[in-house]
Amino acid sequence: MVEDYNDMKREYVAALVPDKMKLAECINRAKGESRTMVEFAEKCGVITASSFSRIMHGNMTKPLSRELIDAIFINAVPTANLTYEELMRANGMIPADSPAVKNLDTDEWRQEHLEYRNARIKIKNCIQSELINRGILFRPHSVHFEDERELKYGLRTRAHFCYEMHDKSPKYWAISVHCDPAEERKLDNEMVCRRYKRDYIDFNTNLFLRDVWEPDSLKEKKNSAAFADRKGFELVKKMLEGITVNSEISLILVDLDKDEVIEEYFLPRKGKKAPASLFEMSKIDFEADEEGGDLEPGMYDEEV
């Protein structure tokens, strides 16, 4: 039987954390280029443009209602290329008959896998919110770059998500997430510590080789690794002591309980001082700004 990814009657359950950046991307695709967010909100009929704006800012603490998801999907432009399941997954909802939730209560592996996925989404949401709260404009970008086809040694770097930054240098910011709660609970074990550090190196081997052999190819790219565990962060930081690099490479520590970035460490660059972290910028009081006019969405080149 072929699965229908647009079946709006299918039962869904909240098993994941809503992916705020993916949800904002889906809404933008549904809106289309020819409509403003105000026009799209009027078409949906169950939400205001200001509420859409808050979603774009990542200002949501729980999944969107099924009614709103239905309205977004039904009123999406035909060119959105958006499935109902994609929209629901971005909202943290997965089919009730999915293998991911089947026997979840008794399957330890499934529980750990969902915990791992949720931690990754939380880190991405946190970093995005931290940028938006500082008025930093960005938009999602593919983790794959066309110019990497021309690399002499074929050293494509890896990342879990990437931003195109507005009026910032480097222009692109690729971020990998190194967070496995099940592993991090065992970091008192020396063997687990060695495996944890090895996993970071394995994931980033191409990045470090490229930084040495083809540093010019990274001039417009910043690469960061994000952690949610202080001990794991410090393990990797200590492992990299004494290493100098040509491009911008950093480690980011996120506090998932407080939903904030608490530290960004830059690997020393040859002949250059460490750049200032964007997370050190002051936050904006959006409530005060809201009284004076429209808010900028978190992702640039989008009308509200």
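Excluded from the calculations below are hydrogen atoms, water molecules and symmetry mates; all remaining heavy atoms, backbone and side chain alike, are included.
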> Is Lys171 salt-bridged to Glu220, going by a charged N under 4.0 Å from an acidic O?
Replying inline: no
> Quick one: CD on Glu260 to CG on Asp255, what's the gap to the nearest 0.5 Å?
Replying inline: 6.0 Å
> For Phe145, which residues count as a ring pair (Phe, Tyr, Trp, His ring centres under 6.0 Å) partner, sequence neighbours excluded?
Replying inline: His141, Tyr172
> Does Pro140 reach the side chain of Phe161, with side-chain heavy atoms less than 4.5 Å apart?
Replying inline: no
>> Go through it in stages, so that I can follow the logic: the residues are Tyr84 and Asp70, the test is side chain to side chain donor-acceptor pair (under 3.5 Å), and I'd like the CA-CA distance, side-chain angles, deciding distance and then a yes or no.
In response: CA-CA 8 Å; Tyr84 189 71; Asp70 288 354; 2.5 Å; yes
>> Within the structure provided, determine whether Leu256 and Ile123 are in side-chain contact (heavy-atom separation under 4.5 Å).
In response: yes
> Pick from Lys20, Lys283, Lys124: which one makes a salt bridge (charged side-chain N to carboxylate O under 4.0 Å, His left out) with Glu130?
Replying inline: Lys283
>> Donor-acceptor check, side chain of Arg139 to backbone of Glu164, threshold 3.5 angstrom: yes or no?
In response: no
>> Any heavy-atom pair between the side chains of Ile74 and Met8 that's under 4.5 Å?
In response: yes
> Do Tyr200 and Leu235 have side-chain heavy atoms sitting under 4.5 Å apart?
Replying inline: no
> For Arg185 and Asp229, what are the C-alpha separation, side-chain angles and deciding distance, and is it a salt bridge (Lys or Arg N to Asp or Glu O under 4.0 Å)?
Replying inline: CA-CA 9 Å; Arg185 286 192 285 268; Asp229 181 85; over 6 Å; no
> When rounded to the nearest 0.5 angstrom, what distance separates CG in Leu251 from CE in Met239?
Replying inline: 8.5 Å
> Do Ser53 side-chain atoms and Ala49 backbone N/O form a donor-acceptor pair below 3.5 Å?
Replying inline: no
>> Rounded to the nearest 0.5 Å, what separates atom SG in Cys26 from atom CD1 in Ile55?
In response: 12.0 Å
>> As an exercise, state the distance from SG of Cys44 to CD1 of Ile27, rounded to the nearest 0.5 Å.
In response: 8.5 Å
> Is there a path from Val192 to Tyr116 through hydrophobic residues (I, L, V, M, F, W, Y) whose side chains come within less than 4.5 Å of each other?
Replying inline: no
>> Determine whether Met60 and Leu23 satisfy the following criterion, side-chain contact (heavy atoms from CB on, under 4.5 Å), listing intermediate values before the conclusion.
In response: CA-CA 11 Å; Met60 51 181 288; Leu23 196 54; 3.8 Å; yes
> Ile252 and Glu264: which non-hydrogen atoms are nearest, and at how many Å?
Replying inline: CG1-CG, 3.9 Å
> Side chains of Glu85 and Tyr12: do they bring a donor and an acceptor to under 3.5 Å?
Replying inline: no
> Could you state the interatomic distance from CG (Asn206) to CG (Asn204), rounded to the nearest 0.5 Å?
Replying inline: 9.0 Å
> So Phe40 and Ile72, side-chain contact (heavy atoms from CB on, under 4.5 Å) or not? Walk me through it.
Replying inline: CA-CA 9 Å; Phe40 186 49; Ile72 292 170; 4.2 Å; yes
>> Ignoring hydrogens and geometry beyond distance, is a side-chain donor-acceptor pair present between Thr48 and Ser51 at under 3.5 Å?
In response: yes
>> Suppose we screen for ring pair (Phe, Tyr, Trp, His ring centres under 6.0 Å). Which residues come up paired with Phe279, at least two apart in sequence or across chains?
In response: Trp173
> Is it the case that Arg210 and Ser217 place a side-chain donor and acceptor less than 3.5 Å from each other?
Replying inline: yes
>> Donor-acceptor pair, distance only, cut-off 3.5 Å: does the side chain of Glu11 make one with the backbone of Asp97?
In response: no
> How about His166 and Phe138: are their ring centroids closer than 6.0 Å?
Replying inline: no
>> Do Tyr265 and Ile201 land in one hydrophobic cluster if side-chain heavy atoms of ILVMFWY residues count as linked below 4.5 Å?
In response: yes
> Pick one: which of Glu183, Glu184, Glu190 meets salt bridge (charged side-chain N to carboxylate O under 4.0 Å, His left out) with Arg195?
Replying inline: Glu183
>> Is there a side-chain contact between Ile284 and Asn133 in this structure, where contact means two heavy atoms from C-beta onward sitting under 4.5 Å apart?
In response: no
> Is a salt bridge present between Arg230 and Glu263, judged by a nitrogen-to-oxygen distance below 4.0 Å?
Replying inline: yes
>> Any non-hydrogen side-chain atom of Ile175 less than 4.5 Å from a side-chain atom of Tyr163?
In response: yes
> Between the side chain of Asn91 and the main-chain N/O of Leu64, is any donor-acceptor distance below 3.5 Å?
Replying inline: yes
> How about Lys222 and Met165: do any of their side-chain heavy atoms sit closer than 4.5 Å?
Replying inline: no
>> As an exercise, state the distance from OG of Ser129 to CE of Met21, rounded to the nearest 0.5 Å.
In response: 11.0 Å
> Sub-3.5 Å donor-acceptor pair from the side chain of Arg134 to the main-chain atoms of Met281, do we have one?
Replying inline: yes
> Going by the angle between their ring planes, with limits at 30° and 60°, are Tyr153 and Trp213 parallel, tilted or perpendicular?
Replying inline: tilted
> So if you build clusters from Ile, Leu, Val, Met, Phe, Trp, Tyr with side-chain heavy-atom gaps below 4.5 Å, do Val261 and Val236 land together?
Replying inline: no
> Judged by atom type as modelled, is there a donor-acceptor pair below 3.5 Å linking the side chain of Lys31 to the main-chain atoms of Arg35?
Replying inline: yes
> Which residues pass the salt bridge (charged side-chain N to carboxylate O under 4.0 Å, His left out) test with Asp257, sequence neighbours left out?
Replying inline: none
>> To check you understand the geometry: which heavy-atom pair defines the closest contact between Ala15 and Asn118, and what is its length?
In response: O-ND2, 3.4 Å
>> Walk me through whether Leu218 and Ile249 qualify under side-chain contact (heavy atoms from CB on, under 4.5 Å).
In response: CA-CA 10 Å; Leu218 293 171; Ile249 301 176; 5.8 Å; no
>> Checking the side chain of Glu39 only, and the main-chain atoms of Thr36 only, is there a donor and an acceptor separated by less than 3.5 Å?
In response: yes
> Tell me, do Asp211 and Asn223 make a side-chain contact under 4.5 Å, heavy atoms counted?
Replying inline: no
>> Between Glu248 and Lys221, does the salt bridge (Lys or Arg N to Asp or Glu O under 4.0 Å) criterion hold? Intermediate values first, please.
In response: CA-CA 7 Å; Glu248 284 195 24; Lys221 298 183 181 73; over 6 Å; no
>> Run the side-chain contact (heavy atoms from CB on, under 4.5 Å) test on Phe203 and His160 for me, step by step, so that the C-alpha distance in whole Å, both residues' side-chain angles and the decisive distance to 0.1 Å come before the verdict.
In response: CA-CA 11 Å; Phe203 192 94; His160 292 114; 3.8 Å; yes
> Can you check salt bridge (Lys or Arg N to Asp or Glu O under 4.0 Å) on Lys231 and Glu234, steps first, answer last?
Replying inline: CA-CA 5 Å; Lys231 189 165 186 178; Glu234 294 293 347; over 6 Å; no
>> Using a strict threshold of under 4.0 Å (side-chain N to carboxylate O), is an ion pair present between Asp19 and Arg89?
In response: no
> Pick from Lys122, Arg117, Lys62: which one makes a side chain to side chain contact (heavy atoms under 4.5 Å, CB included) with Val17?
Replying inline: Lys122
